[in-house]
Protein chains: 2
Amino acid sequence: MANHLTKSEMSRRRVLDAAAKIFRDYGYVGTTMRAVADEADLQAGSLYYYFKSKDDLTSAVLDLGMRSVAERVESALAALPGTATGRERIHVAVHAHLSASLEVGDYSVATRRIMGQVPEAIRAKNQQQREAYGAIWRSILEQARLRGEFRTSANLNFALLYIFGALNWVAEWFRPGGRSIEEIASEFASFILDGLTGNESALTAVPLELASPVQAGWLSNRGHKQKAKPRAG
Amino acid sequence: MANHLTKSEMSRRRVLDAAAKIFRDYGYVGTTMRAVADEADLQAGSLYYYFKSKDDLTSAVLDLGMRSVAERVESALAALPGTATGRERIHVAVHAHLSASLEVGDYSVATRRIMGQVPEAIRAKNQQQREAYGAIWRSILEQARLRGEFRTSANLNFALLYIFGALNWVAEWFRPGGRSIEEIASEFASFILDGLTGNESALTAVPLELASPVQAGWLSNRGHKQKAKPRAG
DNA sequence: GTCTATAGGGAGATAGAC
DNA sequence: GTCTATCTCCCTATAGAC
């Protein structure tokens, strides 16, 4: 049982994937066990074999989404040589965050949308993980400042909130088939480090194509087809 | 009836404010007409005097939140002299956006959370307003680029998505009593324009207080006390 | 592991009194 | 304008068969 999942583990994961999708489209309260079961090709009662309640399922979805991103970023940073600059670390962290976040896109979007709507007990538990992940970023920023790579007037507390706002919004508008994650990561790292005015000495070169419009609705949540209007009463 | 609202108009607004709060905390499906009525000191049936359905109410909440921000930004930009630089316009737009967005904070947060969960018809309608508002920002960015204030490698489509992600997240973590909206706006405009590395010649000077932690949970939605756990089944 | 059946309760919307 | 009463439908969770 080293690497392949048991049937039970696979089914459990199938339920989680289904739940992430339904939470994303219908919110916390709007998600029904029936809809999750349907998406996972099960009957509603069967979910209770894997999760003892709707809240237990909710907590597991939030946990998996958060951990996927945090672990990817941690290992990407750990793989860097000790000589890496602040710029390099930030670029790598941005890429790892976006890459993992988009890979588990249903979880990322669901989390962003329902975090403020789940019962307090669930939120508090997940909040600890979020703070721990934030601490990683805080330390990258502080290291870069200590190395003298930042202007001294930059407030790192705000920078953290600013960066997370921009990065976590990506899972809402990204659609496969457009610009690659690498391009987006380079562009965003460049925005974070140099802003819009900064000099041209960007990170890795980013092709100059100002004219090409971004794929789907530039600001939107469009594209999440809902099977039906959320059930009326 | 030039300036003061009729009783009916006031009640309607009371219902909208109540709905924004409930949508924010419970999501689209989780919001019940009973809960909105309770928050507005009415009975559930009475809401149907003002709004012909839950979806009609939903649409009105999204509309008001969006318009509040767009109108404030438009008029702030219109008030600028023709000689204003790209930097100045962006700073003013950031401040106006944040200021309006926080003033109708319940609407802003509710919109951000439920936009992806409302029925398609409602989303499509609101989407047009969002695109129109986005066009304003796009034109500021393009003007600044034409004036030569930006590095030519910056992709403005991504810049727009990046900026909106960061700005619209603020309503989630901002708590009155901490740093002022003006400080946040200056800091954010500086991030957008100069990034973290840019030279010290910021906009208006921002006091250097790297040590002071931002008030509540740095990444969180904490602080929206829920009266009770969303009703269990 | 997955199913069916069902308990006990809450939803949106309408009708008609005041 | 606002209320109460009510119709019809769907929810979470459990019990027990297979």
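Note that the coordinates shown come from a computational prediction; the quantities given were computed from them, not determined experimentally. Computed from heavy atoms alone, side chains included, the values below leave out hydrogens, waters and symmetry copies. Each chain gets a letter, A, B and so on, in the order its sequence line appears, and its residues count up from 1.
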Measure the distance from [atom1] on [X] to [atom2] on [N] and round it to the nearest whole Å.
| X | N | atom1 | atom2 | answer |
| --- | --- | --- | --- | --- |
| A:Lys54 | D:dA13 | NZ | P | 8 Å |
| B:Asp56 | C:dA13 | CG | C1' | 13 Å |
| A:Leu47 | C:dT4 | CG | P | 13 Å |
| B:Asp55 | C:dA11 | CG | P | 17 Å |

### Message
Determine whether a donor-acceptor pair (one donor, one acceptor, N or O, separation below 3.5 Å) exists between the side chain of B:Arg34 and the base of C:dG12.
### Response
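For B:Arg34, whose side chain was compared with the base of C:dG12, there is a donor-acceptor pair (under 3.5 Å).
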### Query
So A:Trp137 and A:Tyr133, would you call those rings parallel, tilted or perpendicular, with 30° and 60° as cut-offs?
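Answer is perpendicular, since the angle exceeds 60°.
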With 3.5 Å as the limit, what N/O pairs link the protein to nucleotides 1-5 of chain D?
unit_1 : atom_1 : unit_2  : atom_2 : d
D:dG1  : OP1    : B:Tyr49 : OH     : 3.3
D:dT2  : OP2    : B:Tyr50 : OH     : 2.4
D:dC3  : OP2    : B:Gln43 : N      : 2.7
D:dC3  : OP2    : B:Ser46 : OG     : 2.8
D:dT4  : OP2    : B:Gln43 : OE1    : 3.4

### Query
Hey, does the Lys NZ or Arg CZ of B:Lys54 hover above the aromatic six-ring of B:Tyr28, less than 6.0 Å from the centre and inside 45° of the axis?
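Yes, a cation-pi geometry holds between B:Lys54 and B:Tyr28.
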#### Entry: Residue pair B:Leu62, B:Arg123: steps toward the side chain to side chain contact (heavy atoms under 4.5 Å, CB included) verdict
CA-CA 9 Å; B:Leu62 297 180; B:Arg123 179 166 48 241; over 6 Å; no
### Pairwise distance OG(A:Ser59) to CG(A:Asn126) - rounded to 0.5 angstrom
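Here the interatomic distance stands at 7.0 Å.
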### Non-neighbouring partners of B:Glu9 that pass salt bridge (Lys or Arg N to Asp or Glu O under 4.0 Å), sequence neighbours left out
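Once residues adjacent in sequence are excluded, B:Glu9 has no partner under the salt bridge (Lys or Arg N to Asp or Glu O under 4.0 Å) criterion.
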### Message
Taking ring pair (Phe, Tyr, Trp, His ring centres under 6.0 Å) as the definition, give me every residue that meets it alongside A:Tyr107, ordered by chain and number, with sequence neighbours left out.
### Response
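Listed in chain order: nothing, the list is empty.
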